[in-house]
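Reading through the structure tokens given below for one structure.
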2 protein chains.
Amino acid sequence: MDAKNIARAMPIGSLSDRTGVKVETIRYYEQVGLLPQPDRSEGNQRRYGRAHVERLAFIKHARDLGFPVDGIRALLRLSDNPGMSCDEAHAISVAHLDDVRHKIARLRSLEKELERIAATCSGGVTACDCAIIETLADHSQCSHDQH
Amino acid sequence: MDAKNIARAMPIGSLSDRTGVKVETIRYYEQVGLLPQPDRSEGNQRRYGRAHVERLAFIKHARDLGFPVDGIRALLRLSDNPGMSCDEAHAISVAHLDDVRHKIARLRSLEKELERIAATCSGGVTACDCAIIETLADHSQCSHDQH
DNA sequence: ATACGATCTCTAGCCACTTCAGGTTCAAGA
DNA sequence: TCTTGAACCTGAAGTGGCTAGAGATCGTAT
């Protein structure tokens, strides 16, 4: 049996081990159309080849970078059609970067507010005197930006 | 009709307007036990009073700060029982702050990686030469931390 | 032949809502 | 008083991106 056939014979657990993507997640990706349906063994079990390993690695990398599944679908479409312009790939990445930056900004303002709140009370006193409870009860004390 | 009765007569839409929490979300909070069941009109519509406004404002403020619903439930329990120690309120806040900081750290590393990727390609070329697609296809080029 | 781990399908659960369908109630204007 | 039409009601299903479980079948080592 040559290397190609070994690759062809790869069951889902091996694909999972190779890519670090859980078995259930691989089946989920197939279900939502990110990963093409592989061949099956006589007993109806999935058998993957080299192309699947590469595609799943691409998907995992993009997910690790936080791309939403729809974005990944679009990136895969570009990857599948090498003649297309990569303007769209650039746009998807920039949009995602933008999204990430917005999330960072929002979380930083939350961080500041939570620091302030947590610092006002170090525990021990009863809840009726607790500054955390009071602050949450009275929005007017709060410098937090409304979103 | 005095101020108290006006407050008593407040329907869900007015509560929504006052607190900035959507009508559906208010009903959801009631369903999951964050907000107590209000009185009803003869025609079975919800009628809220001052206490509901305050409690919902508390919930909204905490949600705006990103507290999970379970954390809010615990904070409300403390708020309802003023004799209890506020150690728990402090612990909840600190745990949440910790969570926020972890998220920030993760997003910052994503931001760096996305900047790097987006900079390698400004669009225009065909997808077969697109550095974004290539980078995603080849994890070994990537300095991104695995989580 | 048997045991046992890997795999199969299908379904439900997670969070914190949001949306929808199909009805009922309320308040203001004619 | 009647009529509109906006606001309200319930219950179920959908969202994203998986994860977990039940119960059956497959594959392979001994």
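Proteins come first, then strands; the chains are lettered A, B, ... in the order of their sequence lines, and each starts at number 1.
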Residue pair B:Tyr48, B:Ile26: steps toward the side-chain contact (heavy atoms from CB on, under 4.5 Å) verdict: CA-CA 11 Å; B:Tyr48 295 96; B:Ile26 295 173; 3.6 Å; yes

Heavy-atom protein contacts under 4.0 Å, nucleotides 8-26 of chain C, coded B base, S sugar-phosphate only, - none: SB------BBSB-----SS

For A:Arg77, all residues meeting side chain to side chain donor-acceptor pair (under 3.5 Å), sequence neighbours excluded: A:Glu88

Whole angstrom value for the distance that separates C1' of D:dC18 from CG of A:Leu56: 14 Å

Nearest-Å distance for atom pair CE/P, residues A:Met10 and C:dT7: 11 Å

Separation of atom CG in A:Asp64 from atom C1' in D:dC18, rounded to whole Å: 14 Å

Residue pair A:Phe67 / B:Leu114, side-chain heavy-atom distance below 4.5 Å: yes

Student check: side-chain heavy atoms of A:Val53 and A:Met10 closer than 4.5 Å: yes

Given A:Glu30, A:Arg27, A:Lys22, the one that forms side-chain contact (heavy atoms from CB on, under 4.5 Å) with A:Ile12: A:Arg27

Gap between atoms NZ and P, on A:Lys60 and D:dG17 respectively (whole Å): 15 Å

hydrophobic_cluster_shared for B:Val94 and B:Leu65, side chain cutoff 4.5 Å: no

